[in-house]
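The chains referred to below are lettered A, B, ... by the order of the sequence lines, with proteins before strands, and numbering in each begins at 1.
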Protein chains: 2
Amino acid sequence: MSKEELKKVSDSKISKKLKKGEAIFKEGEKLDGVFCVRDGVSKLSKLSENGKNQIVRLASKGEVMGQRAVIAEESTNLSAIAVSDMEVCFIPKEIISNTLDTNPNFAVEVLRHMAHDLREADDVIVNMSQKTVKQRMAEAFLYLRKNYGEDEDGFLTLSLSREDYSNVVGTATESCIRIISEFKKKGFIKTSGKKIGIADERKLLDLIDGF
Amino acid sequence: MSKEELKKVSDSKISKKLKKGEAIFKEGEKLDGVFCVRDGVSKLSKLSENGKNQIVRLASKGEVMGQRAVIAEESTNLSAIAVSDMEVCFIPKEIISNTLDTNPNFAVEVLRHMAHDLREADDVIVNMSQKTVKQRMAEAFLYLRKNYGEDEDGFLTLSLSREDYSNVVGTATESCIRIISEFKKKGFIKTSGKKIGIADERKLLDLIDGF
DNA sequence: TAATAAACCTGACAATTGTCATATATTTAA
DNA sequence: TTAAATATATGACAATTGTCAGGTTTATTA
């Protein structure tokens, strides 16, 4: 079964709609299959011992959630919560494991995908440990524009709450808010209500590079 | 080809010896295959834009390095440098890709392994972003004991330089040294020359849990 | 062995980030 | 619509962490 075939399977399934804030699955659960995002965006996060929440990655259209746990036959280490209204479909693990066992191409394709995820995770580790909160905030804005685009007025299509931002960059919500204020004052970004737009990409890039 | 068979292949290869400090490969290189650690330990690290080095993980006996890049057909995102004298063997990428294409079991096995690495990477992300430097230092000591053991006097078998420690936990070398001094003064660890041993596991665990 | 280099250590201080308290704005629900 | 809940914002301060500038010790090598 190729990726395209799998997509067909997934398209034929009845998909589930979720409202912003609803959970698709929670950390520690056993998953009976994987979830494929048809529309909207989900945050994949993990609770640390001290009660703080860390958003490890975001998943949007076409991306699959839960495959790591299903493949490793473990309970999931992450929670998936909708950050916008969503439509997801479910693919039972039996289909996954059957296809894995019988079709080497599929396995290799999944493998490539996971190799890619792993590289991204490595990059996140380096960013988290070597960059300042301001630099991480700047990267978050650029990442969101690159991956989810902006509207006709130049505001990010995917709007996260301040708390979500703080959970992405790994900082206190207050610090996050302060940095947003500072960036706005300096003209790096613009805001309108809770919408945020990039006003000066160059300045953000300079900040990331340490200038 | 099963994992055991692969091991046989690798064992039959002429292996290469490396002295502490030598590089197996460097960030950005194209790899013609993967490296299997037969003896010793290697650090897998990445340079961030600001010139700081981050150790993403350590690889020891039986572990494979470079598979992510070979599978994704990308240049490697990490450097591998020996932190002790080492013996590694090389498996050409042709063998890997042939085996991947023809043997679904092998692909699934590699997949499981990569799923495991990905989970660990997620955990590292959370640790890096949500824990203090002291907590991360405490975790590093416990991790090193768990994975590489201690000698008859209770000192960690794998002894890293202070700079390596700082690159593992993502902090300045001076901060790292100060924390080592503090832990020693408080009786959490003991030192002898550059050797470090765990003196009070309970206290370290309490610190990690925020007490 | 002596000279040199590298690693380790410490103090002083600055910069960054977190915490707590509180105020305002916005959203949600009764 | 009004009340309650939630999200956003800011000040004041403390705690953490980084930087620079020296030291000392340990390892390397000429």
Polar side-chain atom of A/Ser79 near backbone of A/Glu27 as donor-acceptor pair, under 3.5 Å: yes
Whole angstrom value for the distance that separates C1' of D/dA9 from NZ of A/Lys194: 13 Å
Interatomic distance where CD1 belongs to A/Ile177 and P belongs to C/dT17 [whole Å]: 16 Å
Touch class at under 4.0 angstrom, heavy-atom based, for A/Thr132 against every strand present: sugar-phosphate
Within residues 193-211 of chain A or reaching into it, pairs that qualify as side chain to side chain donor-acceptor pair (under 3.5 Å) - sequence neighbours excluded: A/Arg145-A/Glu201, A/Asp200-A/Lys203, A/Arg202-A/Asp206
Nucleotide D/dT10, atom P - distance to CZ of A/Phe183 in whole Å: 15 Å
Sugar-phosphate only, base, or nothing, as touched by A/Ser175 at under 4.0 Å among non-hydrogen atoms: base
A/Ser75 to A/Arg68 - nearest heavy-atom pair and separation: O-NH2, 4.1 Å
Rounded distance (Å) that lies between atom P of D/dA27 and atom CZ of B/Arg162: 11 Å
Closest-nucleotide 5' rank along DNA chain D - winner of B/Thr171 and A/Ile180: A/Ile180
Any A/Ser181 side-chain N or O less than 4.0 Å from OP1/OP2 of D/dT10: yes
A/Arg178 (side chain) and D/dG11 (base): donor-acceptor pair under 3.5 Å: yes
Whole angstrom value for the distance that separates P of D/dT17 from CD of B/Gln130: 13 Å
Spacing of B/Leu160 atom CG relative to C/dA6 atom P, expressed in whole Å: 20 Å
Value in whole Å for how far the C1' atom of D/dT17 lies from CD of B/Glu174: 11 Å
Pair B/Phe188 and B/Phe141, ring centroids less than 6.0 Å apart: no
Check ion pair B/Lys43-B/Asp164 (N to O, under 4.0 angstrom): yes
Separation of atom NZ in B/Lys52 from atom C1' in D/dT19, rounded to whole Å: 9 Å
Along DNA chain C (nearest heavy atom to each residue), the more 5'-positioned of A/Ala172 and A/Gly193: A/Ala172
